[in-house]
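This report refers to the structure that appears directly beneath it.
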There are 2 protein chains.
Amino acid sequence: MASVSSTPSTGQATGQVTRPATSGEPLRGYAKGRLRREEILDTARALFGEVGYRSASLREIAARCGISHPGLLHHFPTKEALLEAVLQRRDAVSEERFGVIRARGTEALRALVEIVAANVAEPGEVELYCVLSAESTAPDHPAHQYFTDRYVTTRANLERSLREAAEDGDLRAGVDPSVHAPIVVAVMDGLQVQWLLDRDSPAPTDMPAALRAHLNTLLTHPL
Amino acid sequence: MASVSSTPSTGQATGQVTRPATSGEPLRGYAKGRLRREEILDTARALFGEVGYRSASLREIAARCGISHPGLLHHFPTKEALLEAVLQRRDAVSEERFGVIRARGTEALRALVEIVAANVAEPGEVELYCVLSAESTAPDHPAHQYFTDRYVTTRANLERSLREAAEDGDLRAGVDPSVHAPIVVAVMDGLQVQWLLDRDSPAPTDMPAALRAHLNTLLTHPL
DNA sequence: CCTACCGATCGGTAGG
DNA sequence: CCTACCGATCGGTAGG
């Protein structure tokens, strides 16, 4: 009860008083603010993934957090600032999960399959990425530059992994890394749409299995 | 001037009088209505592709057609009815273009590459498909069932083409049509996102070339 | 963090 | 096809 250890997404129901006159530790207020920020980011990510950035309303996000929409604007001054924070946190999380690995060649490809497998347990992440990447296709979208840049670096990372695989003799003859890097990215993105559409069906798209099958067509021996 | 032969998308500027008292042919009024309908569908397709269905407004579509938004609602009673008409026409056009071909095995795959090549000249079609398919991922979206069904039949068609290729000895050993059909669909969808994002860059994604390269990894001899 | 408000915009209807 | 209007909702601000 005294320590704040609940996850951001469930931090709403804690029965803490609003202003305990002459509180014990001065960090309390900031800690509570950070918690609220995280809760808002979780909620915003979910709604952006459900209906896209443009159709998501600050009022709906705020209501899901149990605050007013001017209350939300106290933490994030504009809707675009909220979007930026959501995308920045997304990058931080994926770097934490992927950047640490930093494997070489086929090992990196194997890690990629693992990441896709983990995404199945995080449909919110997949929705956000899928819906926002398509929406940001419009040149005037606030996330247009973000996704443009992101695809450049994602393709470059994959191209490097494929080149390393070639050096190690793991790549089939005639497979050009610069040609097939964007294709592997396309496979991952395209599978997400199909999976989001049929994930509740009796036979949903098996994203990690399909990605592995695709990568195996490029390699001399299966992953 | 007497005959109505301009394309739907440019039918706006014809200087026809609104009501030529005691007009010559009775079909005139209907012909004009059909023209206006087509113009509305073209415009709606464009705006749905630019900002998605939810964020598109009837007022903006109507304004681009030079009419009021109740005027638009005279032709399509609700926003959902307009969306349905846009999707139905899309199907009619692609059937006309693809259904007639009805090629077998690798010939069908070659035709697929041709369709993707043609899409580069029709960015409006690509935008519509890309943005709406992602948006319709939400279960309550009015086009959710449409896209769910569409992917089922698209995968089935592709699986059949791959099976035929296998029968003809054109498929590499170990390539399972039921596994790779959804992957080919994913490649096409994923390439569209990348192309829409970088189509104005110095080196845009070459969708038909990439699709051909992908299909060639599945076949015993290149397309 | 709140209430109260701003001007703008939404899909759809009334009535002609 | 039009004008005029409905109730609802939008992002953001004022002022506390």
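Letters go in sequence order (proteins before strands), and every chain restarts at 1. Only this structure's heavy atoms are used, side chains among them; waters, hydrogens and symmetry mates stay out.
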Determine the minimum heavy-atom distance between B:V131 and A:A134, stating which atoms define it. CG2-O, 3.7 Å
Which heavy atom in A:L191 sits nearest to a heavy atom in B:A186, and how many Å separate them? N-CB, 3.6 Å
Residues in salt bridge (Lys or Arg N to Asp or Glu O under 4.0 Å) contact with A:R59, at least two apart in sequence or another chain: none
A:Y129: which residues meet the ring-ring contact (aromatic ring centres under 6.0 Å, His included) condition with it, sequence neighbours left out? A:F147
Between the main-chain N or O of [Y] and the side-chain N or O of [X], is there a donor-acceptor pair closer than 3.5 Å?
X: A:E135; Y: A:R54; value: yes
X: A:K79; Y: A:L73; value: no
X: A:H144; Y: A:S136; value: yes

Output the distance between atom [atom1] ([X]) and atom [atom2] ([Y]), rounded to the nearest 0.5 Å.
X: A:L215; Y: A:L158; atom1: CG; atom2: CG; result: 8.0 Å
X: A:L132; Y: A:R90; atom1: CG; atom2: CZ; result: 9.0 Å
X: B:I61; Y: B:R64; atom1: CD1; atom2: CZ; result: 8.0 Å

Please give me every residue in residues 51-60 of chain B whose heavy atoms get under 4.0 Å of an atom in DNA chain C, ordered by residue number. B:A56, B:S57, B:L58, B:R59
Expected list for residues 74-87 of chain B near DNA chain C, using heavy atoms below 4.0 Å, is B:T78, B:K79
Answer with yes or no whether the side chains of B:Q194 and B:D198 bring together a donor and an acceptor at under 3.5 Å. no
Would you please enumerate the stems DNA chain D participates in, each stem being three or more consecutive Watson-Crick or G-U wobble pairs with both distances under 3.5 Å? C:1-16 with D:1-16
Measure up the B:H141 and B:Y53 rings against each other and bin them: parallel (under 30°), tilted (30 to 60°), perpendicular (over 60°). perpendicular
What are the 5'-most and 3'-most nucleotides of DNA chain D lying under 4.0 Å from any heavy atom of chain B? D:dC1 to D:dC5
